Every structure is written in structure tokens, then in C-alpha cells.
Amino acid sequence: MPELPEVETIVRGLQKTLAGKRIKEANVIFPKIVKQNLRHFKKNVEKSRIIRVRRRGKFILVDLSSGATILAHLGMTGSFLLRKPSTPLNKHDHLVLKLDKTPKELIYRDLRKFGKIKSFCTSWEEKLSELKKLGPEPLNISPSDFVNLFRRRKGKIKSALLNQQILAGLGNIYADESLFEAKIHPLQKIDKLNPEALETLRQAIQKVLKKAIKAGGSSIENYYNVNGEIGSFQLQHKVYGREGQLCKRCKTKIKKIKISQRSSYFCPRCQVLSHYNINTKAFLHST
DNA sequence: CTGCATGTTAGGTT
DNA sequence: CAACCTAACATGCA
């Protein structure tokens, strides 16, 4: 489920409802989700006030008055839900945070259990291996920084966009949608993309992500925001999940191929794989 | 039964 | 080192 727009939607929902509230108790139902000594986790979290909820890549960060921060990654199917304490637990509910001054409690639900939650000392954030490895945020990055991400790199552009160490936040849906928007073939070799094409890609990524955030993310199988509502960006997908359907730009049938063991959807006419796709020198020389 | 699914990572190999 | 592949994690669905 969760790529940058979905995580951003969840973070905004959590910030809105949880900022200022106190966590009374952390009830860990499925301990494997918490990647930390349970005592340490509870000690960091319980009786502390939530100061702020923020996002880095696909990670959710919850700053607490105890001087600790909760780090959560939703994996493929994780979600945070605010629910009435009286509602019976779902079989996939793994963590319950009881809150003060709210009629709701916060539940972490994760069908496939790929998600991870831990807490850490806020002042050590720069040393956290999970965050240290991440590339820059796609919504903030400048044109020159973006071009530099791909300098001296080989390989396929789609694989690079999925690599969180290069750029943080894109997953399979938004990589495909951004490449369609930029008219770049997912198998395009990085070293054959000139700076102009990379700038087109940067703008495409930002346009797609912003639209998706506005729509509250994409709900394909099981993505819900903190209020249990689905997003609507799946209705605006141009290629993802549309194999065999007609391209909205040119009416050609959308194709599906495997890249890095993942499905890639693209329009074979709009997204041409070009060998001429010119490096800067060749481009200048030919004009 | 088979294949596939919004993600990450460890361990190989090229 | 970079790139690429496979398997693994756990569960549900077509």
C-alpha cells in the first residue's frame, strides 16, 4: 500500500488528531512488529505526550515529550487507525496505543506483518541507520541535485527510482506513473538520459506526487487513512494496473513487463526506449 | 495448486 | 563499489 503519498496522508491525519495528546499505555499484541526490546519501547512511549508527527521517505516519525521518537514503516499492508476502544480487535491488529483526552485509541494493523516499529532517542536521529541510508525527498529536491543523483550511474531508470537510497519515497505505483508523465520508458538506461530529460522526470515526479497527496493516496487493495477512509488517486492512474487497457494519451494498449522482479506498466508508444537518448556532449555536438 | 501483490534486505554473482 | 538476481518475510485473493 504505502508509498510517499499514502504515508503523507496518514502522517497528516495523525498530526491533526494526535498532536498534544498523551499516550497512556502501549499494548503490544504481536511483539515481532516491534523491532526493539519491549521494555525499552514501552518506557520510551508510555506516559509521554505526542509533540509532532512527520514523514521521511516512507517512514512515519512521532516525536514524544519523553525525548524519544517512534519510527514506523508500514511495509506492504500496514495502517494506523483511530478507533473506539470498545470495538473488538481485528486479527491483524498488532499494537494498541491508549490515549488520554480522546475517545479513540490508535491501532497498528498489518495483514502481512512486513511493517516495523521502534523508538529511538530523538537526539540520535542522524545516526539512525534506517534514515541515514535514505536518499533526498523528491518533493524538495532541486534540479541540479536531481541530475547529480544519476551521475555516473548505470542501469535502468525504473530500478533507480525504486531504490530508496537514491531517492526516498517512490514505490512501484508512483515510479510507473511518473515515468509515464515524463514519457520515459522504464527500461531506459540512466546514462542515456540527458539533463533535460532528467529535469522533465523531476517535474513529473513532483506533479504526480502532489496530485496523489491531494487525492489522499491510491487505494488498490487495502490502504486506508487513519479514519478508515480510502484514497482516490487509483482513479487517476494512467498506467499502473492498466495492462491491456488503452493509453489515455494515445489509445495504445498499456503493456506490463517485469523489471527487478516487479511489474512495470507503461505505454509502448508514449514511452519510447531510445538509444539516441543523447548524453549532453552528443546532443551539443549534433546541433 | 499457481501466481501475484503498494516493500525491504541479506546474500550471492557478474 | 554498482548492478542485478533470488529468496525470504506473511497473508489473502483470483
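On a predicted model such as this, the values are computed, not experimentally measured, just so you know. Only heavy atoms go into these numbers, but all of them, side chains included; no hydrogens, no water, no symmetry mates. Here is how names work: the chains are called A, B, and so on, in the same order as the sequence lines, proteins then strands, and each is numbered from 1.
Remark: P of C:dA3 and CG of A:L187 are 15 Å apart, rounded to the nearest angstrom. Here B:dG7 presents its C1' atom at 13 Å from NZ of A:K35, a figure rounded to the nearest Å. Going from atom NE2 of A:H94 over to atom P of C:dA10 covers 11 Å, rounded to whole Å. A:E130 has its CD atom 12 Å from the P atom of B:dT8, to the nearest Å. For A:K32 and C:dA8, the NZ to P distance is 14 Å, given to the nearest whole Å. In this structure, CD of A:Q164 is placed 17 Å from C1' of B:dA10, rounded to the nearest angstrom. The distance between atom CG of A:L4 and atom P of B:dT8, rounded to the nearest whole Å, is 11 Å. In this entry the distance linking CG of A:L74 with P of C:dT11 reads 17 Å, nearest Å.
Aromatic stacking is not marked for A:F114 over C:dA10, as the cut-offs of 5.5 Å for the centres and 30° for the planes do not both hold.
Taking side-chain N and O atoms only, A:H92 has a distance below 4.0 Å to OP1 or OP2 of C:dG12. Contact check, A:K116 against B:dT8: no side-chain N or O comes under 4.0 Å of OP1 or OP2. Under 4.0 angstrom from either OP1 or OP2 of B:dT8 there lies at least one side-chain N or O belonging to A:H73. Remark: A:K58 is in phosphate contact with B:dT8, judged by side-chain N or O atoms under 4.0 Å from OP1 or OP2.
We find that A:K158 and A:D176 are joined by a salt bridge, their nearest charged nitrogen and carboxylate oxygen being less than 4.0 Å apart. Here A:K238 does not pair with A:E177 in a salt bridge; the nearest charged N to carboxylate O distance is not below 4.0 Å. Under a 4.0 Å N-O distance rule, the pair A:E25/A:K47 does not qualify as a salt bridge. Electrostatic pairing of A:E125 and A:R54 counts as a salt bridge here, judged by a charged N lying under 4.0 Å from a carboxylate O.
Using a 30° and 60° split on the angle between ring planes, A:Y265 and A:Y240 fall in the perpendicular class, above 60°.
A:L71 and A:V226 sit in two unconnected hydrophobic clusters of ILVMFWY residues. Membership requires side-chain heavy atoms under 4.5 Å apart, directly or through other members.
The nucleotide whose nearest atom lies closest to any side-chain atom of A:R153 is, among C:dC5, C:dG12, C:dA2, C:dA2. The listed nucleotides are C:dT11, C:dA3, B:dT9; the one nearest the side chain of A:L111 is C:dT11.
In DNA chain B, the stems built from three or more successive Watson-Crick or G-U pairs (distances below 3.5 Å) are B:2-5 with C:11-14, B:7-14 with C:2-9.
Here A:R152 lies out of heavy-atom contact (under 4.0 Å) with every strand.
A distance of about 14 Å separates the P atoms of C:dT6 and B:dG3, rounded to the whole Å. Annotation: C:dA7 and B:dT2 have their P atoms spaced 15 Å apart (nearest Å).
Partner of A:E130 under the side chain to side chain donor-acceptor pair (under 3.5 Å) criterion, chosen from A:K116, A:H73, A:K118: A:K118.
For the pair A:R249 and A:F180, the cation sits on the ring face: its NZ or CZ lies under 6.0 Å from the ring centre, inside 45° of the axis. Because its NZ or CZ atom is not both nearer than 6.0 Å to the ring centre of A:F233 and within 45° of the ring axis, A:K211 does not count as a cation-pi partner of that residue.
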Please enumerate all protein N or O atoms sitting under 3.5 Å from an N or O of nucleotides 2-5 of chain B, with distances to 0.1 Å.
from, atom 1, to, atom 2, distance (Å)
B:dA5, OP1, A:S263, OG, 2.2
B:dA5, OP2, A:K258, NZ, 3.0
B:dA5, N3, A:R112, NH1, 3.2

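Counting all heavy atoms, side chain and backbone alike, A:L273 lies closest to A:L187 at CD1-C, 3.7 Å.
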